[in-house]
Amino acid sequence: MIIYNVTTKVTPAVHSRWLQWMKEEHIPQIIGTGFFHDYRMCRLLEQDDSDGPTYTVQYFTDTLENYYTYLQEHAPGLRQLAFDLFGDQFVAFRTVMQVV
């Protein structure tokens, strides 16, 4: 199994709106591509939240091919949408993992 992990720190100014958008729009859009079959969203604990909370979303897929196809066909547009909505009010980094 492949896990596509997105870690995001979001400012307090947009936190509530960003969290609602993630749950109601963004995550369903990613799952709706058909390349991921499940996800898990977590808030990091024991972090300095003075600049805002940090979240991870892990998207699960069976093959690297699914992940790569998602990256090519869907990721650029979905990432741009996040920037259009929230600008510089968040910072995100991505990692890919394989379950062993």
Side-chain angles (χ1 to χ4, degrees):
M1 180 176 351
I2 304 300
I3 302 171
Y4 171 45
N5 182 79
V6 182
T7 302
T8 307
K9 185 168 197 66
V10 60
T11 66
V14 299
H15 172 236
S16 294
R17 188 165 52 99
W18 177 87
L19 187 59
Q20 180 178 3
W21 172 76
M22 285 293 292
K23 291 179 177 181
E24 295 177 3
E25 296 180 41
H26 191 65
I27 292 171
Q29 288 174 323
I30 291 176
I31 296 299
T33 66
F35 293 106
F36 300 96
H37 56 77
D38 201 4
Y39 76 94
R40 176 178 297 138
M41 184 176 198
C42 302
R43 182 172 178 171
L44 271 62
L45 302 178
E46 299 183 350
Q47 298 291 309
D48 179 5
D49 282 353
S50 60
D51 292 336
T54 302
Y55 291 88
T56 65
V57 183
Q58 298 176 340
Y59 301 96
F60 302 93
T61 187
D62 294 323
T63 67
L64 273 173
E65 291 79 17
N66 284 346
Y67 165 72
Y68 290 133
T69 303
Y70 164 79
L71 279 185
Q72 291 179 331
E73 296 180 6
H74 299 280
L78 291 172
R79 289 178 187 175
Q80 185 61 51
L81 180 58
F83 284 110
D84 291 347
L85 290 170
F86 300 103
D88 64 354
Q89 298 295 304
F90 73 98
V91 62
F93 71 90
R94 295 150 184 88
T95 53
V96 180
M97 303 171 280
Q98 181 178 31
V99 175
V100 293

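Only heavy atoms go into these numbers, but all of them, side chains included; no hydrogens, no water, no symmetry mates.
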Minimal non-hydrogen separation, Ser50 against Pro12, with atom names: O-CG, 4.5 Å
CD on Glu73 to OG1 on Thr33, rounded to 0.5 Å: 9.0 Å
Transitive ILVMFWY side-chain link Trp21 to Val14, under 4.5 Å: yes
Tyr67 ring center near Phe36 ring center (under 6.0 Å): no
Derivation and outcome, side chain to side chain contact (heavy atoms under 4.5 Å, CB included), residues Arg94 and Arg79: CA-CA 12 Å; Arg94 295 150 184 88; Arg79 289 178 187 175; 2.9 Å; yes
Interatomic distance, Leu71 atom CG to Phe35 atom CZ [nearest 0.5 angstrom]: 10.5 Å
Beyond-backbone contact of Pro53 with Leu44, side-chain heavy atoms, under 4.5 angstrom: no
For the student: nearest non-hydrogen atoms of Val6 and Thr8, plus distance: CG1-OG1, 3.8 Å
From Ile2 atom CD1 to Thr61 atom OG1, the distance as rounded to the nearest 0.5 Å: 7.5 Å
Closest non-hydrogen atom pair, Gln89 against Ala13: OE1-CB, 3.8 Å
Residue pair Ile31 / Tyr39, side-chain heavy-atom distance below 4.5 Å: yes
Side chain to side chain contact (heavy atoms under 4.5 Å, CB included) between Met41 and Leu19, intermediate numbers included: CA-CA 10 Å; Met41 184 176 198; Leu19 187 59; 3.6 Å; yes
From CG (Asp62) to CE (Met1), nearest 0.5 Å: 7.0 Å
Co-membership, hydrophobic cluster, residues Phe93 and Val91, 4.5 Å side-chain: no
Residue Arg40 excluded, over 12 heavy atoms near CZ under 6.0 Å: no
Cluster link Met22 to Phe83, ILVMFWY, side chain under 4.5 Å: yes
Any Tyr70 side-chain heavy atom under 4.5 Å of Ile30 side chain: yes
Side chain proximity check, Leu81 to Gln29, heavy atoms < 4.5 angstrom: yes
Candidate list Asp38, Val96, Ile27, test side-chain contact (heavy atoms from CB on, under 4.5 Å), partner Tyr59, passing option: Ile27
Beyond-backbone contact of Met97 with Gln58, side-chain heavy atoms, under 4.5 angstrom: yes
From CG (Asp49) to NZ (Lys9), nearest 0.5 Å: 5.5 Å
Option among Phe86, Phe90, Tyr55 that satisfies the ring pair (Phe, Tyr, Trp, His ring centres under 6.0 Å) test with His15: Tyr55
